[in-house]
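Written out below as C-alpha cells is the structure these notes cover.
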Amino acid sequence: MVHSTVPALPRRRWLQAAAAAGASVLTGPASAVAERTIRLSHVVARDTPKGMALERFRALVEERSQGRIRVQIYPQGQLYGDHDEMQALQLGAVDMVAPSLSKFGPIGFPEFELFDLPFLFDSVEAVRRLTRGKVGHTLLQGLSRQRLMGLGFFDNGFKHMSANKPLMEPRDFSGLRMRIQGSRVIAQQMRAWGAVPVTLPFSETRRALETGVVDGTENPVSNFWTQGMQAVQSDLSLTAHGYLGYAVVAHQRFWDNLPNADRHVVQGALDDALVFGNEIADAQNDKALAALHLTGAANIHNPSPAQTRLLKQASLPVHAELAARIGQDWLTTVQNALKKTA
C-alpha cells in the first residue's frame, strides 16, 4: 500500500512525485497506443452503494469502449484517504475521485456545506431532484474555479447516530467524543448537541471506536454494517438527521485531454452508473438494517417525534451560522427549490 511508504517524504512531495510519475506514463511512447487507464480512488468498501456504483461505472466504460479504456479503481482508501484524496486529484496523482460532499468546503467551496446541514432534507427523493436541477448544475459548474470538472451527484441516504448507548435527543450527546468527517457544519452540529467533534478519516473510524479514541459516530446503515461497526458500537439510533452524498469529480486537465468520443463514453457510463447507485442505495441501507435486526448485533432505537423536535431546535444555530458565512441567498435558493419539489 502507498501509505507504508509515505512517511519518508512530506505528504505533498509524495503526491507531487506520484502525479509526475502518472504524467510520464501518459505522455511517453505508450500515448500513441489507443488505450487509456483511468485511475479512480475512493474510501469505502466495494459492497457499499458507492463502491457498487463505481464498479458498475468501470464495467460500463470497459464494455462500451470494447476494452480500449480501462478503469483502475482503488477502494477503501487503498491509495488515498479522506485527508488527501482531493489534493491527489488536484495534483494529478489520480484522474477521478468520488468524495463526500463535505470534502468541498475545506478546499474553497463552502456552498457545498449546505448538504451537511442537519434536518434540511425530508427525503432522498427531494435531494435527488435538487441535485439534478439548477442548484446541482450551479454547484458542479462552480468547481471550475479550481480546474475541477464535476461530473455528477449520487447518494448513500441518510445518516444515523451510533454509540454504546442510545442517542435520541441533545442531552444524550453531552460530553461524548463523536467522530466526524472534516466539515465545519457537522462539527458545529455536534457541539450544538453537546458532543465533542473529532475529525478522523473514515478508514480509521472503526479502530478509533474499538480503542475508545471516540465514543460514537454518524453513518448510513450500509456503512455501519459493511464496516462491522456493530462489533464496537452497541446502539444505533435512527435519527436520519443528515444526508450523505457524493460527487464524482475529475481534474479539468485530464478531462480536456480526453478525445470527444472518450468523453462521451465516460460521461454516458457514469450517468448510467449513478442512476444504478441511487437505485441500490435505499435497498442496501434497508438490507443492512434488516441484517442488524436479524442478527441482534446492535440495539436499534427510533427517536420519538418529540425527541426529533429537540434535535431540530438545537440545530437552528447551525443553519444560521452557515447562512451568515456563505450568504442567505444560497440557503433561501435551496429551501425554495425544496418547496417546489415537495
Side-chain angles (χ1 to χ4, degrees), residues 2-3 6 10-20 22-23 38-44 50 54 74 77 79-117 120 130-131 135-156 179-190 197-205 242-256 270 318 321-327 329-331 334:
V2 170
H3 293 302
V6 171
R11 192 67 188 168
R12 185 172 182 86
R13 286 180 59 197
W14 166 258
L15 290 170
Q16 289 171 333
I38 298 173
R39 302 159 297 169
L40 194 161
S41 176
H42 69 89
V43 302
V44 299
K50 182 202 279 194
L54 295 176
Y74 301 92
L79 197 58
Y80 301 105
D82 275 326
H83 60 295
D84 58 5
E85 64 175 352
M86 293 300 290
Q87 187 181 20
L89 178 68
Q90 290 174 310
L91 291 172
V94 291
D95 304 310
M96 297 174 67
V97 293
S100 68
L101 300 176
S102 298
K103 302 288 184 8
F104 294 97
I107 66 167
F109 302 98
E111 58 270 25
F112 275 80
E113 294 179 71
L114 286 160
F115 291 102
D116 287 337
L117 285 173
L120 178 62
L130 185 76
T131 55
V135 172
H137 178 76
T138 300
L139 288 167
L140 291 181
Q141 288 291 106
L143 295 176
S144 64
R145 299 199 305 266
Q146 293 194 23
R147 294 192 54 75
L148 298 176
M149 184 72 185
L151 300 176
F153 292 99
F154 66 122
D155 60 61
N156 197 8
R179 179 270 168 181
I180 64 167
Q181 58 180 321
S183 165
R184 284 177 289 185
V185 169
I186 299 176
Q188 189 178 15
Q189 165 199 289
M190 292 299 185
V198 179
T199 302
L200 287 173
F202 183 72
S203 60
E204 298 176 15
T205 300
Y243 165 78
L244 179 61
Y246 311 107
V248 179
V249 188
H251 194 282
Q252 188 71 54
R253 181 175 58 251
F254 158 77
W255 191 253
D256 289 346
L270 182 61
V318 184
E321 191 278 337
L322 182 63
R325 185 151 50 81
I326 68 172
D329 287 350
W330 266 111
L331 192 58
V334 169

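Below, all heavy atoms of this structure are taken into account, side chains as well, without hydrogens, waters or symmetry copies.
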query: Rounded to the nearest 0.5 Å, how far apart are NZ of K50 and NE2 of H42?
result: 7.0 Å
- line: When every non-hydrogen atom of R39 is compared with those of A93, the smallest separation belongs to NH1-O, 3.1 Å
- request: Please report the closest heavy-atom contact between A187 and P197, naming both atoms and the distance.
  value: O-CG, 3.7 Å
task: Over all heavy atoms of both residues, which pair between L120 and V334 is shortest? Give the atoms and the distance, please.
output: CD2-CG1, 4.1 Å
query: Nearest heavy-atom pair of Q90 and L148: which atoms, and what distance?
result: CG-CD2, 4.2 Å
task: Take L151 and W255 through the side chain to side chain contact (heavy atoms under 4.5 Å, CB included) test and state the conclusion after the steps.
output: CA-CA 10 Å; L151 300 176; W255 191 253; 4.0 Å; yes
message: For a side chain to side chain contact (heavy atoms under 4.5 Å, CB included) check, start with the C-alpha distance between M96 and I38, then their side-chain angles and the critical distance, and finish with the verdict.
response: CA-CA 7 Å; M96 297 174 67; I38 298 173; 3.6 Å; yes
- prompt: Taking the side chain as C-beta and beyond, is there a heavy-atom pair between Q181 and L244 under 4.5 Å?
  reply: yes
Straight-line distance of F254 CZ to M149 CE, nearest 0.5 Å: 11.0 Å
- request: Look at the aromatic rings of F104 and F109 and report parallel, tilted or perpendicular, splitting at 30° and 60°.
  value: perpendicular
message: Give me the atom names and distance for the closest heavy-atom approach of E85 to V97.
response: O-CG1, 3.9 Å
- request: Compare all side-chain heavy atoms of L101 with those of D116 and state whether any distance is below 4.5 angstrom.
  value: no
field: Approximate separation, where rounding is to 0.5 Å, of F112 CZ and I107 CD1
entry: 8.5 Å
query: Checking D84 side chain against G81 main chain: does a donor-acceptor pair fall under 3.5 Å?
result: yes
Validation row: L270, F154 side chains within 4.5 angstrom (heavy atoms): no
query: Counting distance only, does the side-chain N/O of R184 pair as donor-acceptor with the main-chain N or O of E113 below 3.5 Å?
result: no
task: Could you walk me through whether Q188 and L322 pass side chain to side chain contact (heavy atoms under 4.5 Å, CB included), step by step?
output: CA-CA 10 Å; Q188 189 178 15; L322 182 63; over 6 Å; no
- request: Drop me the distance from R147's CZ to L89's CG, to the nearest 0.5 angstrom.
  value: 11.5 Å
query: Would a 4.5 Å heavy-atom cut-off, applied to side chains only, mark V135 and L114 as touching?
result: no
task: Supply the atom-to-atom distance F115 CZ to F153 CZ, rounded to the nearest 0.5 angstrom.
output: 5.0 Å
- request: Apply side chain to side chain contact (heavy atoms under 4.5 Å, CB included) to N156 and V44, showing your working.
  value: CA-CA 11 Å; N156 197 8; V44 299; over 6 Å; no
- request: Locate the shortest heavy-atom distance separating L143 from G150; write the atom from each residue and the value.
  value: CD1-CA, 3.8 Å
field: Approximate separation, where rounding is to 0.5 Å, of T131 OG1 and Y243 OH
entry: 6.0 Å
